[in-house]
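A short write-up of the structure that comes next.
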Amino acid sequence: MEPFSFSPALSEHYSDIIVRKMPFSSVSGQTAPAADAPDIFTQPVNETYSILYAPLPDHLATVEEIGYSSVPKLFTEINIVSLEASGILPARIQSFLELSGQGVLMGFLDSGIDYTHPAFRNTDGTSRILRLWDQSDPRGNPPAGFTYGTEFTKEGIDRALFSGTKAFVSENTATAASDAHPFDTDTAAGFVPYPDSRGHGTAVAGIACGSPDAGEGFTGAAPTCSIAFVRLKSAKQYLRTYFRIPENATAYQENDLMLGIRYLVDCAAQLNMPLVICISLGTNQGGHTGHTPFEEMLDEVLLSPGVCVVSGTGNEAGFGHHYRGVLRQHDESADAELLIDQETKGFSLEFWASSPELFRLSFTSPPGETISLPWPANDFSRDFSFLLETSRISVTWAVTEQPERAQLIFMRFSDPTPGLWHIQVTGTGTADRFFHLWLPIHGLVDPQIRFLAPDAETTLVIPSCAASPVTVSTWNAYDNSLYQHSGRGYTRDGALKPDFAAPGVSVTCPAAGGRYTSITGSCAAAALTAGAAALLFEGGLRQNPPRYFSSEELKELFFHGIRRRNDLTYPNPGWGNGELNLYGIFQSFQSHFPADNI
C-alpha cells in the first residue's frame, strides 16, 4: 500500500499564513510559490485569499512577523418548546405549506457528526449526509482542489452503516470493513471517522435538520434537508502556544474555516442545490467590524443567490471579557481594572480604536509596579518584563491595521501575577475618543479572568459582525427573556447587529449512542434559524419557475415575519429587529409564497 502523501496543512512543522491575492496561487493542489522556496506551499481559498504554509521555525508566522490579519485566529464552540416559539412548527404543519427542507443542502463546520445516529438517517436507514470532509484524517483522498484530509460521500457512508462496524473504508479503497475483517487504523485506508467525541457538531446539526423521532418527541427544524459536513481539524500547537490559550481548550483555525466554506459552496454547486451554512463557532480575536479575512470571505460568498450563512452572536455578554472606554477631555485617562486568576499561565488581550486618534497604555501589576508603553508606532513590537515579579508582556502595535482601518495594540501576558491589574489608557486629540478591550472568547481563556467593570454591549463574536450573514442572538422561549449570556450589538463601528433573536435555551438535540439531550446557547439559536432558512429556500424552489433567494432577500423575508414587543425600542442591541417567527413571514408576505404555487 502506498504511503500517505505529505500535507503541510496537517504538519505541526509548518505555520499557516492567510495572504491576499497570491499571484502564484493554483486552483488545485499545493504549489511552490517561487523557485527559490520549494518548501513553501499554497492553498487557494477564493479570488481574494490564499493560505500559505511555511516551515517552522524559520517562518514562525506571528503577529510580530507577518501582521495581525495574516495570522489565523482561533475559534471555539459558542455553546455553554423552541420550534413552536420560533414559528417553525406552524410553518411545517400547515397543509398549504408542509415545508421540511426538501431539496436544500445544509452545511456545517464543527467538531464532527455521529453519522450513525437516527437523526441523520432516512426511514430506510440510509444516510442523509451527502458529503463529509474530515480535515484531520490523512488516510484517504482530500476533496478535489484541496490538499489535506479525507472526503467521504453518501455511498461510502451508507456502506459503513450497513457493514456492521462503526467505521468504513472510503471509496479510495477496494474493500469494505466487516465484522469478519475489522478495519486496521494503522493502515492507509481512509475510514469514515467515527463520530463526534465532543458531541457539539452532532447537536447543532440535529437541531437544524435532524430526522423526526416520534418516540423521543424530537424533530429538527428542517428534517428532510440533505447534509454536507466539514469536520474541522484542531488548531496547531504553535498557534495555541502563541495565543496562550489553555492547554485543553477546543480550538479551530480561521484558515481551516475559510477552506471549509469553500468546500461547502463547491458541494452545493456540484449537487445543484441551494445551501444554508450554519456557523456555531466564534472568536473575540479581531476588530468587531466585520473585516476579518473569514468575515470578508463570507460577504463575498453571499453575493451569489442560493447561499445563506447563519451565525450566532455567541455567549459572551455575561463573562466580563469586553471593556469599553471613552476619553472626553484632552488630559483625561481611563482605568480598566482586570482581575487575573491564581492559576493563569498566560493569555492574550486586544485593544482596538478607530483612526486617526492614538492611544497609549500603561500597566500596574497587583504589587504596584508600573510599566508605561511608548506611543505606538506602526508594526512595532517589544517585550516588557517587571523587575520584582515574573510577569511579562509582549506588545505589538499597528497604527493602521488593515483591513480594519483601526489602531490595534496586541498583547500577550506570560506568568502574570494574580490579582487586580490596572490598565491605564491615555490618548491624543480633544474629541470623544472611544476604545475597546477584548479578552479571548469563553473557552479560550481561563474562566476567572475578567474586567471588573465590563460592558455587555459589543459582545458579538466573530464572524457574527459580518454584514451579509444572518446574525441571531439568543432568547429564552420559556420565559420570553433574552438569554443572559447572549452576545449583544452593535459592532464596534455601529453597524446594526444582531439581525434578530432566536430561541436557544434548553433545545432538544441528538447525543451519542442514539440518545437525545438538550443544550443552551448561541449554537442552538443559530441552528434553529438555519433550519428556518432552509424552509424558506424550499418555499422558493416550489415556485413556478423555482426561485433561488439571495442572502439579502432571505434576510428581508425574516424581517417581515419577526415579532416585536411593546416595551422595547427597535433595532435593539440585544434583540436586533425582533424575534424569529417563520410562520409570520407566510402570513405577512404571501406574495412571495402564493398558496397555489406551494
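Keep in mind the model is a prediction, meaning the values are calculated, not measured.
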A side-chain contact here means heavy atoms from C-beta on lying under 4.5 Å apart; do [X] and [Y] qualify?
X      : Y      : result
Leu74  : Gln253 : yes
His200 : Ser280 : yes
Val310 : Ile277 : no
Phe41  : Tyr14  : yes
Leu132 : Ile157 : yes
Glu350 : Asn284 : no
Thr219 : Asp213 : no
Tyr263 : Phe146 : yes

Quick check: does any side chain N or O of [X] sit under 3.5 Å from a backbone N or O of [Y], one acting as donor and the other as acceptor?
X      : Y      : answer
Ser11  : Ser7   : no
Tyr238 : Asp16  : yes
Tyr252 : Leu281 : no
Glu254 : Ser69  : no
Ser550 : Pro305 : no
Gln135 : Lys233 : yes
Arg121 : Ser211 : no
Ser522 : Thr313 : yes
Thr529 : Ala525 : yes

For the residue pair [Y] / [X], report whether a side-chain donor-acceptor contact shorter than 3.5 Å exists.
X      : Y      : answer
Thr62  : Glu64  : yes
Ser464 : Thr471 : no
Glu155 : Thr153 : yes
Ser226 : Arg128 : no
Thr292 : Glu296 : no
Ser468 : Asp299 : yes
Thr48  : Glu300 : yes

Quick one: is the NZ or CZ of Lys73 closer than 6.0 Å to the six-membered ring centre of Tyr68, and within 45° of its axis?
yes
Do the charged groups of [X] and [Y] touch, with an N to O distance under 4.0 Å?
X      : Y      : answer
Arg547 : Glu553 : yes
Glu538 : Arg542 : yes
Glu247 : Lys345 : no
Arg20  : Glu47  : no

Looking at [X] and [Y], what are the two nearest heavy atoms and their distance?
X      : Y      : value
Leu541 : Pro274 : CD1-CG, 3.8 Å
Met273 : Leu105 : CE-N, 3.8 Å
Cys308 : Ala533 : SG-CB, 4.1 Å
Pro510 : Ile207 : CD-N, 4.3 Å
Val204 : Ala527 : O-CB, 3.5 Å

For the atom pair [atom1] ([X]) and [atom2] ([Y]), what is the distance rounded to the nearest 0.5 Å?
X      : Y      : atom1 : atom2 : answer
Ser15  : Leu52  : OG    : CG    : 7.5 Å
Thr126 : Phe120 : OG1   : CZ    : 14.5 Å
Ile261 : Leu109 : CD1   : CG    : 4.5 Å
Asp137 : Thr150 : CG    : OG1   : 3.5 Å
Ser311 : Ile279 : OG    : CD1   : 5.5 Å

Between [X] and [Y], does the ring centroid distance fall short of 6.0 Å?
X      : Y      : answer
Tyr516 : His117 : yes
Trp438 : His288 : yes
Phe537 : Tyr548 : no

Give the ring-plane orientation class for Tyr148 versus Tyr53, where under 30° counts as parallel, over 60° as perpendicular and anything between as tilted.
perpendicular
Paired with Arg231, the salt bridge (Lys or Arg N to Asp or Glu O under 4.0 Å) test is passed by just one of Asp110, Asp134, Asp114, Asp196, namely Asp134
Answer yes or no: are there more than 12 heavy-atom neighbours, outside Glu12 itself, under 6.0 Å from its atom CD?
yes
Apply the test side-chain contact (heavy atoms from CB on, under 4.5 Å) to residues Val472 and Asp499: give CA-CA distance (whole Å), side-chain angles for both, the deciding distance (0.1 Å), then the verdict.
CA-CA 6 Å; Val472 295; Asp499 294 310; 5.8 Å; no
